[in-house]
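First the proteins, then the strands, lettered A, B, ... as listed; each starts at 1. The structure presented is a predicted model; accordingly, all values stated were derived computationally and were not measured.
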2 protein chains.
Amino acid sequence: MSPRRTVAEARQTRAGIVRHGVDVASVEGLEGLTIGRLAADLGMSKSGVLGHFGDKETLQLAVVELAADEFWRDVWEPVGAVAAGLPRLRAVAGSWLRYLTSDRLPGGCFFMAAGPEFDDRPGPVRDAIAGAADRWHRELLHQARLGTVTEPEQLVFELTGVMLALHAAHRLRRDPAAATNAARAVARLLDRP
Amino acid sequence: MSPRRTVAEARQTRAGIVRHGVDVASVEGLEGLTIGRLAADLGMSKSGVLGHFGDKETLQLAVVELAADEFWRDVWEPVGAVAAGLPRLRAVAGSWLRYLTSDRLPGGCFFMAAGPEFDDRPGPVRDAIAGAADRWHRELLHQARLGTVTEPEQLVFELTGVMLALHAAHRLRRDPAAATNAARAVARLLDRP
DNA sequence: CCTACCGATCGGTAGG
DNA sequence: CCTACCGATCGGTAGG
């Protein structure tokens, strides 16, 4: 409660702000994430929140970075031990499907909301979001090539489309068949290389 | 310039506000669309803008309605004469592809941005967006069934995924191969019923 | 990490 | 369709 905290305490406070920021942004959007909202939710003053970042853009960048780390941990790390190439591609598709239907974040996949929100807003935040999307795209491409797929770029494009369609059908149209449609589409893409 | 306009003039003013609102919302988002921004762009006062709608939500609903009309006109109407079933499905896929790469709206497809933005915001605006998505989904399904496709729901799901992947690859990652990848994916879906 | 501010902008209203 | 407002909230700063 005292205004002077240790460095470790301050680090923890900052981490808590960013963690909650990912949740809020997944619902309200990354621009709709306001400092006042975070402060109220966390029982802090606005300047107490802002002091950890300096300005809103730096806060947004921290939120994008944590969201990317968490996506990697939830989707890629569980399948890191699976044999590289097609087996790992199948495994990551499976954990990606589970992630999208698990409602792990209150507003669904952070990046499927932040992408369309920021694709027309040039700047460091857009660059960070696009950079994360690029890294996953290249990683998928790498596994597809190791699997000696005939058209790796085509496969990764279509696989990404399945995940986007799942997100849209599940969260906007609330289509109960979304998950099975997506699983079938993945099988058609990856079970006949 | 006089404060009293004819009914026809007022209707035109209103239509101009909504038309510009679609453009602004395609870039800034439907929540980022502000009355002050519209007023400044159109050389009007805020209350002059708001007077046509009463509140922001009614303005947002008018914007969603016009965006849906324009999407229908740009994507469906040009292929309305094509034979129903698979031929029309192929034709609408083609005009949908062209629409997404034409940069017809300054911020890309309105609904691919508004969907993720509002899927977690219950209310009439979300309902209007989901309703439009539902209508197109059912129309695609109808044509697929007329084409005696073996799994119509699966086909429409995957076709939608291709369009979402095109939008993401084109606008966020700026992948120059996006359009050809999408065209190839559509061909694989529709040229072997 | 707080209180106490700042100017700008938000959606919206009153009244003409 | 305007001017002239309203309270609330925005991002951000000063100073402790």
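A salt bridge is absent between A:R184 and B:E158; no separation between the charged side-chain nitrogens and carboxylate oxygens falls under 4.0 Å. A salt bridge links A:D74 to A:R104: one of the charged nitrogens lies within less than 4.0 Å of a carboxylate oxygen. The residues A:D119 and B:R173 are annotated as not salt-bridged, no charged nitrogen and carboxylate oxygen being separated by less than 4.0 angstrom. Taking the charged nitrogens against the carboxylate oxygens, A:R90 and A:D191 do have a contact shorter than 4.0 Å, which makes a salt bridge.
Test B:Q143, B:H137, B:R135 against B:E139 for side chain to side chain donor-acceptor pair (under 3.5 Å) and you get one pass: B:Q143.
As a whole-Å value, the separation of A:R14 CZ from C:dC1 P is 12 Å. Between the P atom of D:dT9 and the CG atom of A:L38 lies a distance of 15 Å, rounded to the nearest Å. Between the NZ atom of B:K46 and the P atom of C:dG11 there is a distance of 7 Å, rounded to whole Å. With rounding to whole Å, B:E31 atom CD is found 11 Å from C:dG11 atom C1'. Between A:D41 atom CG and D:dT9 atom P the separation is 13 Å, expressed in whole Å. Between the P atom of C:dC10 and the CD atom of B:E28 lies a distance of 11 Å, rounded to the nearest Å. For the pair B:I35 CD1 and D:dC1 C1', the computed distance is 15 Å after rounding to whole Å. When rounded to the nearest whole Å, the span between CG of B:L42 and P of D:dC1 equals 10 Å.
When only modelled atom types and interatomic distance are considered, A:T58 and A:D55 share a side-chain donor-acceptor pair under 3.5 Å. Side-chain atoms of B:H20 and B:D41 form a donor-acceptor pair, as typed in the model, at a separation below 3.5 Å.
The nucleotide whose nearest atom lies closest to any side-chain atom of B:T13 is, among D:dT3, D:dC1, C:dG12, D:dC1. With D:dC10, C:dA4, D:dC1 as the candidates, the nucleotide lying closest to the side chain of A:S47 is C:dA4. Here C:dC2 is the nucleotide among C:dC2, D:dC2, C:dG11 with the atom lying nearest to any side-chain atom of A:S45.
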* Structure fact -> Note, DNA chain C 5' to 3' with Watson-Crick or G-U pairs under 3.5 Å encoded as ( ), [ ], | and . gives ||||||||||||||||

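Between A:W136 and A:F111, the gap from one ring centroid to the other is short of 6.0 Å.
Near DNA chain C, defined here as any heavy-atom distance below 4.0 Å, the residues from residues 49-66 of chain B are B:L50, B:D55, B:K56, listed numerically.
Of all heavy-atom pairs between B:F157 and A:A178, the closest is CE1-O, 3.8 Å.
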